Amino acid sequence: MSEERSLNFIEEIIEEDIKNGKHGGRVHTRFPPEPNGYLHIGHAKSICLNFGLAQKYNGQTNLRFDDTNPEKEETEYVDSIKEDVKWLGFEWQNELYASDYFEQLYGFAVKLINKGKAYVDESTPDEIAGQKGTPTEAGTPSPWRDRPVEENLRLFAEMREGKYQDGEKVLRAKIDLASPNMHLRDPIMYRIRHAEHHRTGDAWCIYPMYDFAHGQSDSIEGITHSVCTLEFIPHRALYDWFIEELEIFPSKQYEFARLNMTYTLMSKRRLLQLVNEGFVNGWDDPRMPTISALRRRGYTAASIRDFCDRIGVAKRENVIDVSLLEFCIREDLNKTAWRRMAVLDPVKLVITNYPEGQEEVFHGENNPEAEDGEGSREIPFSRELWIEREDFMENPSKKYFRLGPGLMVRLKHAYIIKCDGFIKDEQGNVTEVHCSYIPESKSGDDVSGIKVKGTIHWVSVPHAVTAEIRLYDRLFRIEDPGADGLDFREYINPESLQIIPEAYMEPDMVNAEFGKGFQFIRKGYFTLDKESEPGKLVINRTVTLRDNWAKEARKG
RNA sequence: UGCCCGAUAGUAUAAAGGUAGUACGACAGAUUUUGGUUCUGUUUGUCCAGGUUCGAAUCCUGGUCGGGCAACCA
């Protein structure tokens, strides 16, 4: 509250509630995923919001799995969700499951039946849909709507006992068939599903619907602020109705706009499709917007939290530009990643006046952004080096600050060199660049007086370590692949994954550890992939560096 | 054509009747042994029409546009 930063609308509500002494000033939120898929960056927004609110107002947050649909939910998803929330840096107060409340929920249903507010309906799904009417016409009552309480009680108990088949009967709330809010036209509370539940096994064959589970779970847990997304706005009236009829703790629901991001899909259903139909290699394929994919790709938890902080919380539909996410990870990694040199598309450079067989070792600080540089590593140097093919041009333009006939550059951490010539093969490809070095220009001890505009990275040929490097680009070619009326599968970016089987890196990379971010100088941020092994390194590019030269080059 | 949400630079998000601000992006320049980082500067906005008021992004009325709602999903 002491922060100068303005409050989002939910914080305003909470501060008002605290001021009024509501719930004794207590703030208790919850993050309620359904364990039917992996969490994505949109969930991260919700996680940061819910846990962040509790942190800010000295409250607590429950992790509650909304597991009321046995046919879609699996323990694998529960485990991944817990891992992701933890990794993001949040600790939940209680690990809970809506299925923990099945007995209690059953009791709530019985209470409503006794009040004459719920009835067992034997209509078919189609009949029930018909009975709901349309947005402009009132619904019509089911023939079973006015069954006596005793009969409802008996039938509902029989439903639980397993006396009926799936779909044979449902329990419906008796509310208002003429309500302009479709959700109030006698919504279904319970359905029959003879299915194995990931936690309760076959203990139940009736399962509560979302609307008869979520709000009640909030209430049971004493949730003070139940934050969900916009599409649940019409459910709020139902949420309140059940709580009021049941006379239980009055949790309140508040809705914010979910996150959408350019060039990405953000629905579990579609992400599942990408996985099942083989467009990506699993939920944690680094091109996916899932938390596990971002983590594997090299995104840090801090950068994702920062992103969620920057996008704000409001009720307006929004589409965030992915470039903001990229900004966040670059900003974080720039401060923490250790610098290394790697050549992704190599061409050989020979220093003609450097004695054959001679070697020397240079030192490069690990992190120039840190005050002490975080130590340094040794970088061997020799007569033959790998440099980036794009760092040499036979006919360079005036603004090109790299190598070309007669041009000079500095080799990072080493000497200034001058290009004297090059060799081409029959196809006209440059196969070797010849340079001479200036001995007086040694890095850190430069008395040559020469100033050069460009500095390039390099790797000593005899000392190079190889790795498979995977470069990722956006998965889709268009900004809104999820738009109505188009099949997102037709807009997959064929270049979203580019594999470099053998890139050359400076030898210190054999010491790289999992989870550590590296900046390959002038190339981008990289990290070890989970498939990496000591003898066979596999490296993911997290994100490129900002590239003003590319912009310049595009302009022509 | 029922009900419900929403509308501020390119994208987000502030301003609670009193100077329309911030971030990202874009553009220009400085610094730089990463064409990175950092720093400086510039650019672009209140959906429309009425009304209330000394004064409206904000309040009122009417429109327009966008989104949502009629799963035994959540």
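Within every chain, numbering begins at 1; the chains are lettered A, B, ... in the order of the sequence lines, protein sequences first and strands thereafter. Just so you know, these numbers come straight off a predicted model, no measurement behind them.
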Participant: Is A/Trp549 stacked against the base of B/G35, taking the criterion as centroid distance under 5.5 angstrom and interplanar angle under 30°?
Facilitator: yes

Participant: Rounding to the closest angstrom, what is the interatomic distance between B/A12 and B/G51 at atom P?
Facilitator: 32 Å

Participant: So A/Arg185, base contact, sugar-phosphate only, or nothing? Heavy-atom distance under 4.0 Å.
Facilitator: nothing

Participant: Using a heavy-atom cut-off of 4.0 Å across all strands, would you classify A/Val452 as base, sugar-phosphate, or nothing?
Facilitator: nothing

Participant: Whom does B/C69 pair with, Watson-Crick or G-U wobble, provided both distances fall under 3.5 Å?
Facilitator: B/G2

Participant: What does A/Gly139 touch in the nucleic acid at a heavy-atom separation under 4.0 angstrom: a base, only the sugar-phosphate, or nothing?
Facilitator: nothing

Participant: Could you check how far NE2 of A/His183 sits from P of B/C4, rounded to whole Å?
Facilitator: 14 Å

Participant: At 4.0 Å (heavy atoms only), tell me whether A/Asp547 reaches a base, stays on the sugar-phosphate, or touches nothing.
Facilitator: sugar-phosphate

Participant: Quick one: look up who B/A30 pairs with, Watson-Crick or G-U, both distances under 3.5 Å, and put none if it's unpaired.
Facilitator: B/U38

Participant: Classify A/His214 by what it touches in the nucleic acid, base, sugar-phosphate, or nothing, heavy-atom distance under 4.0 Å.
Facilitator: nothing

Participant: Name the nucleic acid region contacted by A/Tyr210, choosing base, sugar-phosphate or nothing; use a 4.0 angstrom heavy-atom cut-off, strictly under.
Facilitator: base

Participant: So what's B/U53 paired with, Watson-Crick or G-U wobble, going by both distances under 3.5 Å?
Facilitator: none

Participant: With a non-hydrogen cut-off below 4.0 angstrom, is A/Phe232 in contact with a base, only sugar-phosphate, or nothing?
Facilitator: base

Participant: Please state how far atom CG in A/Asp391 lies from atom P in B/G36, giving the value in whole angstrom units.
Facilitator: 14 Å

Participant: Quick one: are the ring centres of A/Phe401 and A/Trp549 less than 6.0 Å apart?
Facilitator: no

Participant: Under 4.0 Å between any heavy atoms, over every strand shown, what does A/Ile311 touch: base, sugar-phosphate, or nothing? Just pick one.
Facilitator: sugar-phosphate

Participant: Mind checking the P distance from B/U58 to B/G68? Whole angstroms is fine.
Facilitator: 27 Å

Participant: Heavy atoms only, 4.0 Å cut-off, all strands: where does A/Glu369 land among base, sugar-phosphate and nothing?
Facilitator: base

Participant: For nucleotides B/G45 and B/G50, find the distance between their C1' atoms and express it as a whole number of Å.
Facilitator: 23 Å

Participant: Whole angstroms only, please: what is the CG-C1' distance between A/Asp321 and B/G10?
Facilitator: 9 Å

Participant: If you take the centroid of each ring, where Trp contributes its six-membered ring, are A/Phe518 and A/Phe526 closer together than 6.0 Å?
Facilitator: no

Participant: Describe the nucleic acid contact of A/Pro33 in one word from base, sugar-phosphate, nothing, applying a heavy-atom distance below 4.0 Å.
Facilitator: nothing

Participant: Ring pair (Phe, Tyr, Trp, His ring centres under 6.0 Å) for A/Tyr210 and A/His214? Distances and angles first, verdict last.
Facilitator: CA-CA 6 Å; A/Tyr210 167 85; A/His214 198 98; 5.0 Å; yes

Participant: Indicate, with a heavy-atom threshold strictly under 4.0 Å, whether A/Arg193 touches base, sugar-phosphate, or nothing.
Facilitator: base

Participant: Is the ring centre of A/Phe327 less than 6.0 Å from the ring centre of A/Phe307?
Facilitator: no

Participant: Applying a 4.0 Å non-hydrogen cut-off, can you work out what A/Thr544 is touching in the nucleic acid: base, sugar-phosphate, or nothing?
Facilitator: nothing

